[in-house]
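Take a look at the structure set out below.
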Amino acid sequence: MRYTQFLIPTLREVPADAEVVSHQLMLRSGMIRKLAAGIYSTLPLGERVMRKTAQIVREEMNRAGALELTLPFVQPAELWHESGRWNAYGKELLRLKDRNEREFCLGPTHEEVITDVARGLISSYKQLPVTLYQLHIKFRDEIRPRFGVMRAREFVMKDAYSFDADEAAAERSYMKMYEAYTNIFARLGLRFRAVEADSGPIGGSFSHEFMVLADTGEDVIVTCTACDYAANTEKAEIRVPDAVEAAADQFGALARVATPDMRTIDEVCSFLKTGPASVIKTLVFDTGEGAVVALVRGDHDINEIKLKNYLACSELALADEDLIEKVTGAPRGFAGPEGLSGVRIIADYGLKGCFNMVAGGNERDMHVVNLNFVRDFNVDAFADIRLAGQGDACPRCGKPLTTTRGIEVGHIFKLGTKYSTSMRAEFLDARGESHPMVMGCYGIGVGRTVAAAIEQSHDGDGIIFPAPIAPFTVLIVLVNPTDAQQHQIAVDLYEKLLGHGVEVLLDDRDERPGIKFKDADLIGIPLRVTVGRNAVKDGLIDIKWRKTGAQAQAALTDAVENVLEALPNL
RNA sequence: CGGGGAGUAGCGCAGCCUGGUAGCGCGCAUGCUUCGGGAGCAUGAAGCCGCGGGUUCAAAUCCCGCCUUCCCGACCA
């Protein structure tokens, strides 16, 4: 491709509304342009990157035996009523009506449609297993789109769905996808990690997220320093500590102290000259069907997902001021476990064995000190309800966990029969009995993967594309296109490389060299070849590696060979 | 939805407080010079000052309402 015949509208300045690096660089390099919040056009350069990424995904899905198809983007409400998600999905589902007032939605995911397809086509165990996938657009009306294509409302996704005759077979399909995903992200040249994840409202027995490791990631993941345990903090378990019950003779005398206007753990701690580990954080939650009180140590954070799973409730939110007051008799900031009645109290394991604690006094401007379990208050249960973090014990081996940040680029779920049951997607087994198909679903955000790659691989000058997804492999900078000799040399090289099947971009613009070099760095093509006065004078070209900054000179006569040799190691 | 910013040329911004012919830098077009890391000079095109209402002789500027957008939070495969 000749630069003058392509369209790469690079920006010198950083667009004001781009915060994260990948977003800035995708705008500056001319890959994307914003149309509306969370809605982007993909420009020719970005399109090449997206397609390369998608193609790798496609190849690995095919290799795993999955079959590509395309499902409708606009979906009738009836299907969503069948699965029960028309009401359950919330405002993220963009609903619309056609000219006859029939209700539709834009597909945020395609379980309903694929299940409908499967029940129409599959009727016998002989047709199973089958995994179907597509690469196309999703729309989710996110509460807050942000970070460019990382959290867009409209985005390209690969979504796959497996159908099996039984649990064991479904697990094999799941493992196949797990392997395919591992291959995909490895081929894309990303540093990533598969982690155990919460399966969320979709349900199902287990789930893994594929995380690209990057400091700017939205998700925090914990990994074990000793074994291979890794999980999203939403899910990460904490080993139940060996409880050492405090002896009663260590208990101090329970006392109430005035703590005027001190509502936060920090305020109370500095006032009472103690540390947050000696405080019981008392949180009131609204489950929609009554309040629940959760207790965690002051230096710990509640994990609402764990609490929600433990309580097995469908809704869970921090209580508002009114409910707090109803439950504790005090305004926010003075809740404590002592003297509460008529409400379930769940305490985190981290509080086991703690004694002489500080907690709210359930009265305005009052806290209690030397509060002790059993003597002063009781709980309904101890459970693992806090967020795992640096130094917590690994649930598998007990060694310390460490935290890193990641960007979720893929997620695989074992769905079970949730959709096949509600939508009656059934097949006949060898004995003629009817069963719901056992399903799995598997997603990869293509745009997000590209953004994650950039997030993970860039420098102050611009993008450093991993070679497998680079829009071009080689960029020839023709320093002075008005010099006929230079021009001829560059075009010769360009055509020879094209002849070898190399994806080459020839920068034949009549621009100053500085502009060309800056743009070259910005758009991040792995290998740069400079044809300038040295080529005319001495028959030499310069080769520069974008990733390492390494440079080499080559004789014109060996140029093609030298470039070809460099390609496998990009 | 709560809190906080911002909407003025393609991009980045000033002007607004104190009302009076809409500016700067980059980019774009043309010409000359230049040409191995974002050149110089000259000339030029380009604006519904987010939208609607109000105050005023006069509104980018003051007042009211709305929209959009970004950030933090809540939420979220």
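This is a predicted model, so every value here is computed, not measured. Chain letters run A, B, ... following the sequence lines, proteins first, then strands; residues in each count from 1.
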Nucleotide N/O of nucleotides 4-9 of chain B paired with protein N/O under 3.5 Å:
none

Minimum-distance nucleotide (side-chain atoms of [X] versus [options]):
| X | options | answer |
| --- | --- | --- |
| A:Phe147 | B:C71, B:G36, B:G37 | B:C71 |
| A:Arg12 | B:A77, B:G25, B:G38 | B:G38 |
| A:Pro513 | B:C35, B:C13, B:U69 | B:C35 |
| A:Arg146 | B:C13, B:G36, B:G73 | B:G73 |
| A:Val479 | B:A39, B:G37, B:G36 | B:G36 |
| A:Pro15 | B:U34, B:G12, B:C71 | B:G12 |
| A:Ile515 | B:G36, B:A77, B:A39 | B:A39 |

**Asked** Does a donor on one side chain and an acceptor on the other come within less than 3.5 Å for A:Tyr133 and A:Glu68?
**Response**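 Present: a donor and an acceptor within the cut-off.
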**Prompt:** Does A:Arg144 place a side-chain N or O at less than 4.0 Å from the phosphate oxygens OP1/OP2 of B:C72?
**Reply:** yes
**Asked** Is the phosphate of B:C70, meaning OP1 or OP2, less than 4.0 Å from a side-chain N or O of A:Lys34?
**Response** yes
Once you round it to whole Å, what is the distance between [atom2] of [N] and [atom1] of [X]?
| X | N | atom1 | atom2 | answer |
| --- | --- | --- | --- | --- |
| A:Phe413 | B:A77 | CZ | C1' | 5 Å |
| A:Glu19 | B:G73 | CD | P | 12 Å |
| A:Asp483 | B:G36 | CG | C1' | 13 Å |
| A:Arg85 | B:A77 | CZ | P | 10 Å |
| A:Ile143 | B:C71 | CD1 | C1' | 16 Å |
| A:Arg28 | B:G27 | CZ | C1' | 14 Å |

Mind checking who [N] pairs with, Watson-Crick or G-U wobble, both distances under 3.5 Å?
| N | result |
| --- | --- |
| B:U69 | B:G5 |
| B:G20 | B:C57 |
| B:G44 | B:C28 |
| B:G36 | none |

On a whole-Å scale, what distance lies between the [atom1] atoms belonging to [N] and [M]?
| N | M | atom1 | answer |
| --- | --- | --- | --- |
| B:G54 | B:C72 | C1' | 35 Å |
| B:G12 | B:A6 | P | 15 Å |
| B:G53 | B:G10 | C1' | 31 Å |
| B:A46 | B:G52 | C1' | 27 Å |
| B:C17 | B:U21 | P | 13 Å |
| B:G7 | B:C49 | C1' | 10 Å |
| B:G40 | B:G25 | P | 12 Å |

**Request:** Look up atom CD1 in A:Ile56 and atom CZ in A:Phe185, then write down how far apart they are to the nearest 0.5 Å.
**Result:**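 Output value for this atom pair is 11.0 Å.
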**Euclidean distance, A:Thr548 OG1 relative to A:Gln551 CD, rounded to 0.5 Å** = 9.0 Å
**Request:** Quick one: do A:Tyr442 and A:Ser162 satisfy side chain to side chain contact (heavy atoms under 4.5 Å, CB included)? Show the steps, please.
**Result:** CA-CA 8 Å; A:Tyr442 317 92; A:Ser162 63; 2.7 Å; yes
Tell whether [X] reaches the base of [N] with its side chain through a donor-acceptor pair below 3.5 angstrom.
| X | N | value |
| --- | --- | --- |
| A:Arg140 | B:C76 | no |
| A:Glu13 | B:G10 | no |
| A:Asn480 | B:G36 | no |

**Message:** Taking the basic N atoms (NZ, or NE/NH1/NH2) and the acidic carboxylate oxygens, is any pair closer than 4.0 Å for A:Lys281 and A:Asp299?
**Reply:**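 No.
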**Prompt:** What residues in residues 208-222 of chain A put a non-hydrogen atom under 4.0 Å from any atom of RNA chain B?
**Reply:**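 Residues of residues 208-222 of chain A under 4.0 Å from RNA chain B: none.
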